[in-house]
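Let me begin by presenting the structure, written as structure tokens, before commenting on it.
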Amino acid sequence: MAERPFSDPPPAGAAGVANGAGGSAGTGKHTFSQYVLDLSGVQRATAESVGILRFRTRTRGFRALFKHRYADFVVQEVTKSGKVISNPTDEVVGEEKAPPPPTPDLAKAKQELEAAIGAEKAAALLAFVDECKTKKGDDNDSEANSSTANGSGTSNSKEIQDDRGNGGRGRQGKKNRKRKRGNGRSFIIPGLNDKEVRTKVHEVVRHHLVGFDSTAHVPSTKNEKGDQSTDKAIQVFEGRAQKKWGSRFKKTRPYLHFTLQKKNTDTMSCINSIAKVTRKKSKSFGYAGTKDKRAISFQRVSAFQIDHKKLQQATRTCLNRTVRIGSFEYKDTPLKLGDLKGNRFVVILRDVQPSESDDNFDCDAVIRNAAEALSANGFVNYYGLQRFGTGTIPTWMVGQAILCMDYCKAVSLILMPRSDDRKDVQEARETFKATGDIGRVLQMMPRYMHLEKSLLLALRDLGPKQALQALLRLPRGMRMMYVHSVQSLIWNRIASERLTMGTEEDAKYRDRALPGDLVYENEESSDGCPEKEDRQDDRSLPKVKVLSAETTSNYTVFDVVIPTPGIDVVIPPNLKEKYEKFQRELGVDFINTKRHNFPEAVLTGNYRKLLTKAQNLEVEVLRYRDEDECLADPDILFADLGGNRKSGSGKNRIENPAESKMADGAMDIQQGKGNVEGRGNVNEGRLEQSGEAQNPPERIAAKISFTLPSSSYATQAIRELVKTTVGRKE
């Protein structure tokens, strides 16, 4: 039976990709042969396949080259206060410094100890300290000496081993306590059940008794009834090197906020790299939103309990080619997803040319007219192509398999060979397909293939029949991304359907709200309303209402919201049949997923504006000759991590232009062509023409600057501007 291409949606009423393993056709039987799948019919996501079909206006478009250099696409986060994040500096705000260390004073120590534990115990402790200093040369005795508080006995080694102090319990706790105490003598002060008294003794030991430290101690003795003693004690011992003064200092502002500038890396990968070089966990870092990979981006990040000097030194040493940090500020709260107002974009469209059918092309006029129309009429707030992945396998297909509970299919879509892989990755995938030898595949798979390696390790540890558990080993953000992409696909299709409703001939009609549309009950709830889609359990959705024929005159199409499908959203009556139709075609049901065995498949849904506007839009038409000339602002150029600034001929240049080109191809914007499949080289073939290289013709570029609310895609604004899909150049 021939396998249906994955790029086509399953027929209405079918179970989508949920049926079986998807036509497994392996090269041979092996332990993991159920994950072998023929992906020859799969195609990467295109604008049409993910529902991006409509334009807001009918202005004249043009052709251009998009993202030729990293500096041609700059993203600057806009904070809730409206501040646009720019180049990081060395400024530090709100740093808390530990107080100066106290001067050791035995006389003061005696006075404070007598007040806390009594003169007898204080004298015994100080005598122990003097004895240790006198017999310092005998510290290597095989059995540590121990004195009781009255000085009349010693504690045996078992009592010391039973110590249950601050070092913690278990094997690691014993190891930490042993490292802390070393092999020196110790002195136990019993009968300290008052916590304030114990705290005072710890302070005196650490401030005034140089070379000694203390920890909590629970005696192993029993009382008269034979029960374990509950008396608490403190064990004072000769410590090894004490912690640096200030390490115990608790900050009231433990979160370090800083500006992150990155190039050619996505936010999650960048955070993981920073966490690795600073030896912190990734969850110690927070950010308001993810930024584009193929760009130079600026955003704020928070880190828990880390010093700015250590962080800066680590990034400069290990990540200086792609990451730069600065503008430090210590705060008492972390950053969370959605803690932003929007993003400021600076986009340069190179080599602007007329469309093939446009004979009378006034470049300046066309660019400015298109920009004015974009500013006035806005654009369709589609989820961009990057939402659905840039590889051969669109993320919505993996999400569809998960939602249909075909977990073998989902694993196969992630692990099977792809036509656009690098050679080493392709060889590793082919080896898994042919042999199922996970150990060998893990050795062949490059280090940066984190997702695939995590999945392979899970399959190796759990066995071939544990596809669901293997998927649950993936990072939660990735699992959410897969199911959210299915939501986004349905939203795009619904938005396109909504824009076809009404009379297209009536230009005013398309600006009206229609009966059955949804709008926010309180418009203030929509101001910068973030889509908290990464929080599965977030149910604080804004309230909406359904418009009737009598209330539509009070609203415009800019007030209309479209829900992403979920268990808590209101479905607009005028689009309910379309929602049901698209879900049937995909074989999914977002309404009845409360008992789904994949946790991230239970989604509340959200509301998203049908249209959005580009705010503070600015246009500048530039002329240039060298196709690699940097056209970005000097401040951005200074932050361009691809090379050093170089002055010459009054132009902003860098020493190595190829360093800042897009690594896997620029994007060619051609009117009427959704050019997304190609992965050709940047400006392939142009430099081979010697005549142009010696005297290149004048070229035109459009520099567009604008601000968008959070969760809106700049690529969709550019699409509306040029009237075509934004994709890679073939």
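None of the values given here were measured: they were computed from a predicted structure. Side chains are part of it too, since the values below use all heavy atoms of this structure and drop only hydrogens, waters and symmetry mates.
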Looking at [X] and [Y], what are the two nearest heavy atoms and their distance?
X	Y	value
Leu474	Arg479	O-NH1, 2.5 Å
His596	Leu403	NE2-O, 3.1 Å
Val483	Ala601	CG1-CA, 4.4 Å
Ala275	Lys281	CB-C, 4.1 Å
Leu413	Met397	CD1-O, 3.6 Å
Val441	Ala428	CG1-O, 3.7 Å

Quickly, which of [options] forms a salt bridge (charged side-chain N to carboxylate O under 4.0 Å, His left out) with [X]? Name it, please.
X	options	result
Asp72	Arg350, Arg294, Lys263	Arg350
Asp90	Arg316, Lys309, Arg324	Arg316
Glu77	Lys341, Lys83, Lys291, Arg300	Lys291

Given side chains that start at C-beta, do those of [X] and [Y] come closer than 4.5 Å, heavy atoms only?
X	Y	value
Leu541	Asn606	yes
Val380	Gln716	no
Arg473	Asp461	yes
Ile52	Arg719	yes
His308	Tyr330	yes
Leu455	Leu471	yes
Asn264	Lys293	yes
Thr333	Ser302	no

Looking only at side-chain N and O atoms, does [Y] offer a donor or acceptor that is under 3.5 Å from a partner on [X]?
X	Y	result
Gln43	Ser49	no
Ser282	Asn272	yes
Asn381	Thr612	no

Nearest 0.5 angstrom please: [X] [atom1] to [Y] [atom2], how far?
X	Y	atom1	atom2	value
Ser488	Trp396	OG	CH2	12.5 Å
Phe32	Thr435	CZ	OG1	10.0 Å
Glu720	Ile718	CD	CD1	11.0 Å
Leu311	Gln313	CG	CD	10.5 Å
Asn343	Tyr713	CG	OH	11.5 Å
Lys423	Glu430	NZ	CD	13.0 Å

For this session: Start with the C-alpha distance between Ile414 and Tyr482, add both sets of side-chain angles, then the distance that settles side-chain contact (heavy atoms from CB on, under 4.5 Å), and finish with yes or no.
Result: CA-CA 11 Å; Ile414 296 173; Tyr482 289 133; 3.7 Å; yes
So, the side chain of [X] versus the backbone of [Y]: is there a donor-acceptor pair under 3.5 Å, distance only?
X	Y	answer
Gln261	Pro88	no
Asn616	Thr707	no
Arg344	Val78	no
Ser485	Thr395	yes
Asp292	Ala295	no
Gln76	Ile85	yes

Leu721 vs Leu349, test: side-chain contact (heavy atoms from CB on, under 4.5 Å). Steps then yes/no.
CA-CA 11 Å; Leu721 184 75; Leu349 304 176; 4.0 Å; yes
May I ask you to decide whether Asp339 forms a salt bridge with Lys80, counting only side-chain N to carboxylate O separations under 4.0 Å?
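Looking at Lys80 together with Asp339, the answer is yes, because their closest N to O distance falls below 4.0 Å.
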Practice problem: Check each of Thr259, Thr267, Thr290, Thr79 against Gln299 using the side-chain hydrogen bond (donor to acceptor under 3.5 Å, both in side chains) test, and report the only one that passes. | Solution: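 Running side-chain hydrogen bond (donor to acceptor under 3.5 Å, both in side chains) over Thr259, Thr267, Thr290, Thr79 with Gln299 returns exactly one hit, Thr267.
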Row check, Tyr383 ring normal vs Arg608 NZ/CZ: under 6.0 Å, within 45°
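Judged by the rule (NZ or CZ under 6.0 Å from the ring centre, within 45° of its axis), Arg608 counts as positioned above Tyr383.
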Point to revise | Derivation of the side-chain contact (heavy atoms from CB on, under 4.5 Å) call for Arg253 and Glu329 | key: CA-CA 9 Å; Arg253 296 186 292 271; Glu329 183 176 3; over 6 Å; no
Exercise. Angle class for the Tyr255/Phe304 ring planes (parallel below 30°, perpendicular above 60°, tilted otherwise)?
Worked result: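 The rings of Tyr255 and Phe304 sit tilted, inter-plane angle from 30° to 60°.
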Pair Arg422, Asp424 - check salt bridge (charged side-chain N to carboxylate O under 4.0 Å, His left out), show working. CA-CA 6 Å; Arg422 287 176 42 170; Asp424 51 353; 3.6 Å; yes
Decide side-chain contact (heavy atoms from CB on, under 4.5 Å) for Met416 and Phe432; before the verdict, give the C-alpha distance in whole Å, the side-chain angles of both, and the deciding distance to 0.1 Å.
-> CA-CA 8 Å; Met416 283 296 97; Phe432 176 76; 3.7 Å; yes
